[in-house]
Asks: 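Could you have a look at this structure, given as structure tokens, before my questions?
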Amino acid sequence: MPKKVILDVDPGIDDAIVLCYALFDPEVEVVAVTSVGGNVAPQVASRNTQAIMEYLDPPRLPRLGVGSEPDDGLPLDGRYVHGIDGLGGTDLPVAVLRSLHPAEKVICDAVRAAPNEITIIALGPLTNIARAFQRDSEIPRLLRHLVITGGTLDSPGNITPAAEFNIYCDPLSAKQVFQASCIKTLIPLDVTNRVKLTLGDVDQLASDSTKVGHLLRCIIMPAFRAYRQRFGLEGIHVHDMVTYLAALHPQLFAMKSLSGNVETVGELTRGMTVFDRRRIPAWRENMNVAYNIKEEQVLTKIITGLNFSAQCVEE
Ligand code: RIB
Ligand code: CA
């Protein structure tokens, strides 16, 4: 039975890669895709999501929802890696730009329609998730699982020394979501940084003559240049792809139950994820946190799954 999922995304290159994978993954039914501001503004994330949907034309079109900026606004964006349009400058066309329901309404309606069946895979800042929980206080209890790209366990941050991008963008929402009474799993940079896509891996993707192969190269190659220039790395992280696979194939990861919280006011530590790992913790455990990964198997699954999508789109 395919797993019902909601993808909350801020495409963004790695979010877009997840869409290419998930929309044709026989193990999931993508019930809804909600856009959130992060790598790009919410409206741009929504436009990118719609453009990718039009381009891929999946067999089942998920419900779409659009987010809005956090109450305190977005402190920055991710265009330095993801390109001016969030998709590596591909300027992917969108024939019909639809006006969408608010993301939090789409989430609440989908969870209410399938109580205890929905897994939300949150791949951007947690603004939409927090707002869904505020809109309907029963949603955390009716949710099957919430899997999040975000935070750090022992690793340094990627947007400040202390904070990971998604949590840094909206720490207040992250704090609220961390404290919500639902089963949640956090996939921190400690684990997502362990998987890097190299040019050799790109060579293993479906050829440029296929729609998915072409789209992936268009969005990935500019990121290679950004990673080389900005970080001196030969390869790119695909944080959200790792989180997606953690939701579907947890056996490829090692997790531990911890009590996590978020710093929301620190001048130097805004968005830092803090865990009570004292010998006798005082905080109540509230999430599973991934701390190890079978990266080779995860990388193989990424390539295999994307090539399966490429084959489906060509049929
Ligand atoms: O820190 C990694 C996260 O920030 C990923 O979700 C990536 O898409 C960016 O949003
Ligand atoms: Ca993302």
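Atoms considered below: every heavy atom in the structure, side chains included; atoms not considered: hydrogens, waters and symmetry mates. Both ligands and their constituent atoms are indexed starting at 1 by order of listing.
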Asks: Measure across L205 and R217 and return the closest heavy-atom pair with its distance rounded to 0.1 Å.
Replies: O-NH2, 3.4 Å
Asks: Is it the case that the side chains of T119 and H145 hold a donor-acceptor pair, with the cut-off being a distance below 3.5 Å and no angle test?
Replies: no
Asks: Taking distance alone, with N or O pairs closer than 3.5 Å, would you say D10 contacts ligand 1?
Replies: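 Yes.
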Asks: Heavy-atom contacts with T149 under 4.0 Å: which atoms of ligand 1 show up? List them by number with element.
Replies: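 This gives 6 (O) as the contact atoms.
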Asks: For atom 8 (O) of ligand 1, what's the nearest protein heavy atom and its distance?
Replies: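 The answer is D14 OD1, 2.6 Å.
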Asks: Number the atoms of ligand 1 from 1 as they appear, then name those within less than 4.0 Å of a heavy atom of E164, with their elements.
Replies: 1 (O), 2 (C), 3 (C), 4 (O)
Asks: Kindly confirm or rule out an N or O of H239 lying under 3.5 angstrom from an N or O of ligand 1.
Replies: no
Asks: In terms of side-chain geometry, is the basic nitrogen of R277 or D154 positioned less than 4.0 Å from the acidic oxygen of its partner?
Replies: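 Yes, this pair counts.
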Asks: Can you tell me if L233 has over 12 outside heavy atoms packed within less than 6.0 Å of its CG?
Replies: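 Enclosed: over 12 neighbouring heavy atoms sit under 6.0 Å from CG of L233.
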Asks: Side chain, backbone, both or neither: which part of D15 has a heavy atom under 4.0 Å from ligand 1?
Replies: side chain
Asks: Taking the six-membered ring of F178, is NZ or CZ of K184 closer than 6.0 Å to its centre and within 45° of its axis?
Replies: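 Judged by the rule, K184 and F178 form no cation-pi pair.
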Asks: Give a rough value, rounded to 10 degrees, for the angle at the Ca ion (ligand 2) between atoms OD2 of D240 and O of L123.
Replies: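 The angle at the Ca ion (ligand 2) comes to 90°, rounded to the nearest 10°.
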Asks: Using a 4.0 Å cutoff against the non-hydrogen atoms of D240, which atoms of ligand 1 qualify?
Replies: 5 (C), 6 (O), 7 (C), 8 (O)
Asks: Going by atom types alone, do E104 and Q134 pair a side-chain donor with an acceptor below 3.5 Å?
Replies: no
Asks: How close does the nearest protein non-hydrogen atom get to atom 9 (C) of ligand 1, and which residue and atom is it?
Replies: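 Minimum-distance protein heavy atom for atom 9 (C) of ligand 1 reads N39 OD1, 3.3 Å.
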Asks: What atoms of ligand 1 come within less than 4.0 Å of a heavy atom belonging to L123?
Replies: 6 (O)
Asks: Side chain of D240, backbone of P11: donor and acceptor closer than 3.5 Å?
Replies: no
Asks: Quick one: which ligand 1 atoms are inside 4.0 Å of a heavy atom on N158?
Replies: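 Atoms satisfying the 4.0 Å criterion: 1 (O), 2 (C).
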Asks: Give the name of the N/O/S atom in D10 that lies closest to the Ca ion (ligand 2).
Replies: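 Nearest N/O/S atom of D10: OD1.
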Asks: Could R131 and D71 be called an ion pair, given the rule that one side-chain N must be under 4.0 Å from one carboxylate O?
Replies: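 Here R131 pairs with D71 in a salt bridge, since their nearest N and O are under 4.0 Å apart.
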